[in-house]
Every structure is written in structure tokens, then in C-alpha cells.
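The residues of the chain are indexed from 1 along the displayed sequence. Order of appearance sets the numbers: ligands from 1, and atoms from 1 within every ligand. Computed from a prediction, not measured in an experiment: that's the story for all the values here.
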Amino acid sequence: MWSSSKFLRALSINPKLVRTSKHNAASGKSKSKHQKVLRVVMVRHGESEWNSKNLFTGWYDAELSPKGILEAEEAGYTLKKMKICFDTAYTSVLARAIDTLKIIQAIINHRGIPVYKSWRLNERHYGALTGLNKAETAEQYGEDKVKLWRRSYDVPPPAMTPDHPYYKRIVYDTRYKKDPPKEIFPMYESLKLTLERTLPYWEQTIWRQIRKGNRVLIVAHGNSLRGIVKKMENLTDEEIVGVNIPTGIPFQYLLDLHTMKPIYPTRRYLGDPDVVRKATEAVVSQGKAKK
Ligand SMILES: O=C(O)[C@@H](CO)OP(=O)(O)O
């Protein structure tokens, strides 16, 4: 069993330096004088029904699969074991992220914290690819093309047109009645376009809360999180191609209280490294053609 203390030792983090208790949870609006570092935890939702079928999902509102529910529970137990507490949580408007957050909240006994939902944390819009099988798409267009669509920084997938089977379901979904406004409602998104709509929310809302000393949990999606990771780790457009985020495994950044810079240059997963590696490789192979 990979215990939280073993995990913290592996990361060479002194747990005493990180605020973990519920102290000041309700009013935790200012940095405690004992607090040496700030922590932000992010997690990609648990596996969805469409992940399990290996379909491009994007803004389609897939539910969590039974495995995804277990992954969300596991994420909750990991945070509970490590005694990590939060003041505020942010998520997208998609069920797979909202439900993952609810499961985590229940397990860590944080049902009462404020939760903010924004379409800006949604998965990237996969355009015309939405609903297609990734392996079959790789067979048809080649693995390189699918890798470009899935992981390049600025190559967008083809646009979703009104005759697409999921167009109406997404465009007329009442949750988007007010936001995003029609003029910017996406029909496709590269990672660059995804980041351009996530970044204002990250900088003007989430980052401000972190700066104030609030302990923030973000439950979002593979690509909205890749955008934030690119920003946090200063990755180049080429480097972000190699970043794949597994479902349901929380990762954290510890930030220096004064400089607000990450203490470790890369994200740290809160989980058994072997499990993280295998889960990450599985995400990569979703884009491979079936042999
Ligand atoms: O299909 C999607 O919406 C995303 C995440 O599930 O997939 P990918 O990992 O291919 O970007």
C-alpha cells in the first residue's frame, strides 16, 4: 500500500510546511503566518462512459462510468489520507467533472465548501470529431494526424457543422443559454483556443483565490488542465505535446508563499507512480489504430 507519509517522503515534502488542517477553513482568506507554501490540487474527472468507449468527447456531456466513479472515490480517499483540505473548489459545467467533485467532497467531508462552475474549465471542444472512435479515426486518418488533433498546441480539429449528430444537443443545451455568448461559442478548439478561454478564468478568478491563501481544488478535464499545466510549468508549444493527464488521479503544485512560483517545476501526482505511469500510457494509446 502506498501510504500518504511514504508518498510525502518520496516527494521530499515536509508535511508540516503545508497547511492541511481545517483551521481557518471557513475564513481562510488570508495567508497564515505559519504557512510557508500554498497548495493547489487539480484532478481530471474519473473515466466517463465515452472514455470507456474511446470516443472523442469534448463538450458532449458523458456521465462517469462505473470505473470513473471508483476513480473519483480513490481520489477522495487519497486526499483524505493526506489530510488535504480545501476552502474552495472550481469545476466545469459538465457532469463528469461535477460528479467527480461531488464524490470527492463527500469522501473528504467537504460538502459545504463553495463550488464554482464555469464553461471556461470545460473540456476542449472536439468539433467534428465529437462522438468518433479514436482508434478508428487513427485507422482512417493515420495516428500522426490523430496525435496532431489530440495533442498539438495549435492544430484544431475540423469544425462541428449544424448537420453533426451532436450539434443541437450541445448548441441548444440550456446550460449555455447565457454563457458563452453566441459570438464566441466554439465549434472546435485547439489547445491554444482552449487555453485562451480558460486563462482569463484561471488568472482573474482562481489564481486570485490562491494568492489570498485559499486552498483550491480544481476538477476539470484532460485538455483544460493541460492548458493550465502549460502555463504553470512554462512549457513550450512542443513540450505540451508530451503531456497526457490520466483520469481521477489528483496532482498538486506547491507554491512559494512569497514568489508564488511552484516549488517543484513539474506537477506532482498524489498516487502510486506505477499506477500514474500506466494510466498515462493508457491515455496515449487511446489514439493508436487497432492492429
Ligand atoms: O475526448 C476528449 O474529450 C478528451 C478527453 O477525454 O480526449 P483526448 O485525451 O483525446 O484529448
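Residue contacts with ligand 1, taken as heavy atom pairs separated by less than 4.0 Å, involve Arg44 solely via side-chain atoms from C-beta onward. With a heavy-atom cut-off of 4.0 Å, Leu55 touches ligand 1 through its backbone alone. Counting heavy atoms closer than 4.0 Å to ligand 1, residue Tyr126 contributes side-chain atoms (C-beta onward) but none from N, CA, C or O.
Residues Glu71 and Thr247 bring a donor and an acceptor atom of their side chains to less than 3.5 Å of each other. A donor atom on one side chain and an acceptor atom on the other are not found under 3.5 Å apart for Arg150 and Asn223. Under 3.5 Å, the side chains of Tyr176 and Asn122 contain a donor-acceptor pair of N or O atoms. Using modelled atom types and a 3.5 Å distance limit, the side chains of Ser92 and His221 yield a donor-acceptor pair.
If you check each of Gln286, Lys134, His125, Glu123 against atom 8 (P) of ligand 1, the one with the closest non-hydrogen atom is Lys134.
Ranking the protein heavy atoms by distance from atom 9 (O) of ligand 1 puts Arg151 NH2, 2.7 Å first. Of all protein heavy atoms, the one closest to atom 1 (O) of ligand 1 is Thr57 N, 2.8 Å. Nearest protein heavy-atom neighbour of atom 10 (O) of ligand 1: Arg150 NE, 2.6 Å.
Those atoms of ligand 1 with a heavy atom of Phe56 less than 4.0 angstrom away are 1 (O). Per-residue contacts place Asn51 under 4.0 angstrom from the following atoms of ligand 1 (heavy atoms of the residue considered): 6 (O).
Ring planes of Trp207 and Trp202: tilted class, angle from 30 to 60°.
At under 3.5 Å, a nitrogen or oxygen of Gly58, whether backbone or side chain, sits near a nitrogen or oxygen of ligand 1.
Looking at Arg226, its side chain does come within 3.5 Å of a backbone N or O of Ile240 through a donor-acceptor pair.
Residues Pro262 and Glu233 form no side-chain contact, since every pair of their non-hydrogen atoms from C-beta on lies 4.5 Å or further apart.
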